[in-house]
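In what follows, a structure is listed as structure tokens, so that the remarks can point back to it.
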Amino acid sequence: MAKIKLTKNELKVQKDILKMYRRYLPTLTLKKQQLQAEIRTIEAKAKAVRKEKEEIEKEFDSWIAVFSEKEAFPDGLISVSNIRRGDGNIAGVSIPTYEGADFSTANYDLYDTPLWVDIAAKHMEKAMSLDLEAEVLDEQVRLLEAELLTTSQRVNLFEKVKIPETEANIKKISIYMSDQQVSAVVRSKISKRKIDARNATTSAEEVYSI
């Protein structure tokens, strides 16, 4: 704990600091709760997105099993040519948002390739898009978790260190000033008694001299 001045001005400074901490703490606590809620929401969304992707992949695999033509599906048929991202903001944290993706389709022989391949290609695009969306959601969670860690540290700092420390400073100064006031009163009374005694002695001497 830093050394503080035991003065009236310092007491006011410490009280103002305490007031500031108590004003900011609810805001930080609310932000912490908001971040926790948003993280849970995004994690649930990412889980749902991955679940949807798995369902599409299972459907794709079932087609291959039915037609027994896995070799008919060209390797590298679908590729991502562009990922569209936007900017979002949650609890003051800048996050990326997924706006979609553009895909490129490799050339293949329409005569030698089964018709179901065209449908499967569209489903693959959807599955890849969902995978990209899940990755962006994961990035959002990482950014929010980093902010949550910082916010939680600040809440703990205020609750467990700064506020108790400032309250202790105020108590220390208040006790010192109270002691000083008591000492001043005692000194005043002692001084008054000495003056009264001196006056009484002087009066007695004057009477005796007469």
Side-chain angles (χ1 to χ4, degrees), residues 1-50 83-99 132-204:
M1 185 183 295
K3 189 175 181 180
I4 59 170
K5 297 178 181 178
L6 303 177
T7 63
K8 187 176 180 179
N9 286 339
E10 183 64 23
L11 180 62
K12 182 181 182 303
V13 169
Q14 292 295 317
K15 285 182 176 179
D16 289 342
I17 291 174
L18 181 61
K19 188 183 297 183
M20 179 189 67
Y21 288 154
R22 286 176 172 169
R23 185 172 66 249
Y24 288 161
L25 181 57
T27 302
L28 286 172
T29 302
L30 182 62
K31 181 177 181 179
K32 177 182 175 180
Q33 294 170 348
Q34 183 182 357
L35 286 168
Q36 290 171 330
E38 291 291 346
I39 288 171
R40 287 194 296 268
T41 299
I42 296 171
E43 285 178 336
K45 185 177 180 181
K47 184 177 180 180
V49 167
R50 288 195 165 94
I83 301 174
R84 299 191 301 276
R85 289 190 174 196
D87 298 315
N89 188 291
I90 294 178
V93 182
S94 296
I95 59 169
T97 58
Y98 181 70
E99 306 294 339
L132 293 170
E133 182 180 0
E135 289 178 0
V136 173
L137 292 171
D138 288 344
E139 188 173 348
Q140 290 179 2
V141 169
R142 285 194 296 272
L143 292 170
L144 293 177
E145 284 181 336
E147 184 67 19
L148 175 60
L149 176 61
T150 300
T151 303
S152 297
Q153 289 173 338
R154 287 174 179 166
V155 169
N156 290 335
L157 179 65
F158 275 35
E159 285 183 337
K160 299 178 181 179
V161 180
K162 292 300 183 181
I163 289 179
E165 182 180 89
T166 308
E167 288 174 337
N169 289 341
I170 291 172
K171 183 178 180 180
K172 182 178 180 180
I173 297 171
S174 297
I175 291 173
Y176 175 80
M177 291 181 65
S178 178
D179 290 344
Q180 290 296 103
Q181 288 178 341
V182 171
S183 297
V185 170
V186 171
R187 286 195 302 270
S188 177
K189 287 182 178 181
I190 293 173
S191 177
K192 185 176 184 302
R193 281 199 296 267
K194 287 182 178 180
I195 293 173
D196 290 343
R198 189 181 303 115
N199 290 338
T201 301
T202 302
S203 298

Just how far is it from atom [atom1] of [X] to atom [atom2] of [Y], taken to the nearest 0.5 Å?
X: E43; Y: L137; atom1: CD; atom2: CG; answer: 10.5 Å
X: L6; Y: I4; atom1: CG; atom2: CD1; answer: 5.5 Å
X: M177; Y: T7; atom1: CE; atom2: OG1; answer: 7.5 Å
X: M20; Y: L18; atom1: CE; atom2: CG; answer: 9.5 Å
X: Q180; Y: K8; atom1: CD; atom2: NZ; answer: 14.0 Å
X: R142; Y: E145; atom1: CZ; atom2: CD; answer: 9.5 Å

Working for side chain to side chain contact (heavy atoms under 4.5 Å, CB included), residues V93 and Q140: CA-CA 9 Å; V93 182; Q140 290 179 2; over 6 Å; no
K15, Q14, K5 screened by side-chain hydrogen bond (donor to acceptor under 3.5 Å, both in side chains) with N169, the one that passes: Q14
Over all atoms of both residues, closest heavy-atom pair of I83 and L132: CD1-CD2, 3.7 Å
Closest non-hydrogen atom pair between S174 and L11, with its separation: OG-CD1, 3.7 Å
Pair up each side-chain donor or acceptor in residues 152-159 with any protein partner under 3.5 Å, not counting sequence neighbours, and list the distances.
| unit_1 | atom_1 | unit_2 | atom_2 | d |
| --- | --- | --- | --- | --- |
| S152 | OG | L148 | O | 2.8 |
| N156 | ND2 | S152 | O | 3.3 |

Residues which pass salt bridge (charged side-chain N to carboxylate O under 4.0 Å, His left out) with R50, listed by chain and number, not counting sequence neighbours: D138
Residues forming a salt bridge (charged side-chain N to carboxylate O under 4.0 Å, His left out) with K171, sequence neighbours excluded: none
Under the side chain to side chain contact (heavy atoms under 4.5 Å, CB included) test, residues paired with T41 that sit two or more places apart: none
With sequence neighbours excluded, residues passing side chain to side chain donor-acceptor pair (under 3.5 Å) with K12: D16
Identify all side-chain donor-acceptor contacts of residues 21-40 below 3.5 Å with residues at least two apart in sequence or on another chain.
| unit_1 | atom_1 | unit_2 | atom_2 | d |
| --- | --- | --- | --- | --- |
| R22 | NH2 | E167 | OE2 | 2.6 |
| T29 | OG1 | L25 | O | 2.9 |
| K31 | NZ | E147 | OE2 | 2.7 |

Pairs touching residues 84-99 that satisfy salt bridge (charged side-chain N to carboxylate O under 4.0 Å, His left out), sequence neighbours left out: R84-D102, R85-E139
